[in-house]
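We use all heavy atoms of the structure for the numbers below, so side chains are in, but hydrogens, waters and symmetry mates are not. Here is the naming used below: chain letters follow the sequence lines, and residue numbers restart at 1 for every chain.
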Amino acid sequence: AQSVTQPDIHITVSEGASLELRCNYSYGATPYLFWYVQSPGQGLQLLLKYFSGDTLVQGIKGFEAEFKRSQSSFNLRKPSVHWSDAAEYFCAVGAGTGGSYIPTFGRGTSLIVHP
Amino acid sequence: DAGVIQSPRHEVTEMGQEVTLRCKPISGHDYLFWYRQTMMRGLELLIYFNNNVPIDDSGMPEDRFSAKMPNASFSTLKIQPSEPRDSAVYFCASSLSSSYNEQFFGPGTRLTVL
């Protein structure tokens, strides 16, 4: 079965600084990978996803993520954080062919942005 | 499309009362998921349906919880009787089996059991 680890519970950055949120997964085959964002009081919204092809994927709101098979990682990045990026971020891994259809979510990383 | 619709958005009830949460998935989606989110346990998958049929309910915490999907456009999650430890935010999500597991979430129902 697949699993996801987000090692950072909280991350604090200053507005305008760069951001990297870590995500490590465990799955035997090629995974489908996702990053979701949850703003306070709202549901989760998809930021970006990786299925195959180019390992650097672009998402909404200026986010990008890079799939590194050798490190089993799918870290989320943004070059310059805005105060509105303060939210909870969830990494998720979905199995490919032959596995369970259902994606597994990490525990989330809370992003705090200082002015 | 209006997205996934959940009602009510907030529910406050007393211990022992029955609670029913409702969800309308995105039209055409064939998977529906119920999640529970708490500070202690994070986001937990409770149950999911495919083409209105429950596939896996292993995440349902107790027999007090039940879920139904009578048709492709409606699902309910019922707690009877409710307990204070059921207080959480409950999310419904839907997806297309052809879209590689991408899920679309509703805004959630915040349940408080006193």
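Residue B/I55: no heavy atom, backbone or side chain, is found under 4.5 Å from chain A. For A/L44, the parts sitting under 4.5 Å from any heavy atom of chain B are the backbone and the side chain alike. There is no contact between A/Q45 and chain B, counting heavy-atom distances below 4.5 Å.
Other residues, nucleotides and ligands contribute more than 12 heavy atoms inside 6.0 Å of the CZ atom of B/R64. Atom CD1 of A/I9 has 12 or fewer neighbouring heavy atoms from other residues, nucleotides or ligands inside a 6.0 Å radius. The local environment of CD in A/Q58 is crowded, with over 12 non-hydrogen atoms from other residues, nucleotides or ligands closer than 6.0 Å. Applying the 6.0 Å contact sphere to CG of B/D63 captures no more than 12 heavy atoms from other residues, nucleotides or ligands. Heavy atoms of other residues, nucleotides or ligands lying less than 6.0 angstrom from CZ of B/R41 number 12 at most.
Proximity of B/E102 to A/Y32: side-chain heavy atoms (C-beta onward) are nowhere separated by under 4.5 Å.
Of all heavy-atom pairs spanning A/F105 and B/L43, the tightest one is CG-CD2, 3.9 Å. The heavy-atom pair separating B/G42 from A/R107 by the smallest distance is N-NH2, 3.4 Å.
No side-chain donor-acceptor contact under 3.5 Å links A/Y36 to the backbone of B/F105.
In this structure, CD in B/Q37 is found 4.0 Å from CD in A/Q38, a value given to the nearest 0.5 Å.
If you chain together hydrophobic residues whose side chains sit under 4.5 Å apart, B/M60 and B/F33 never meet in one group.
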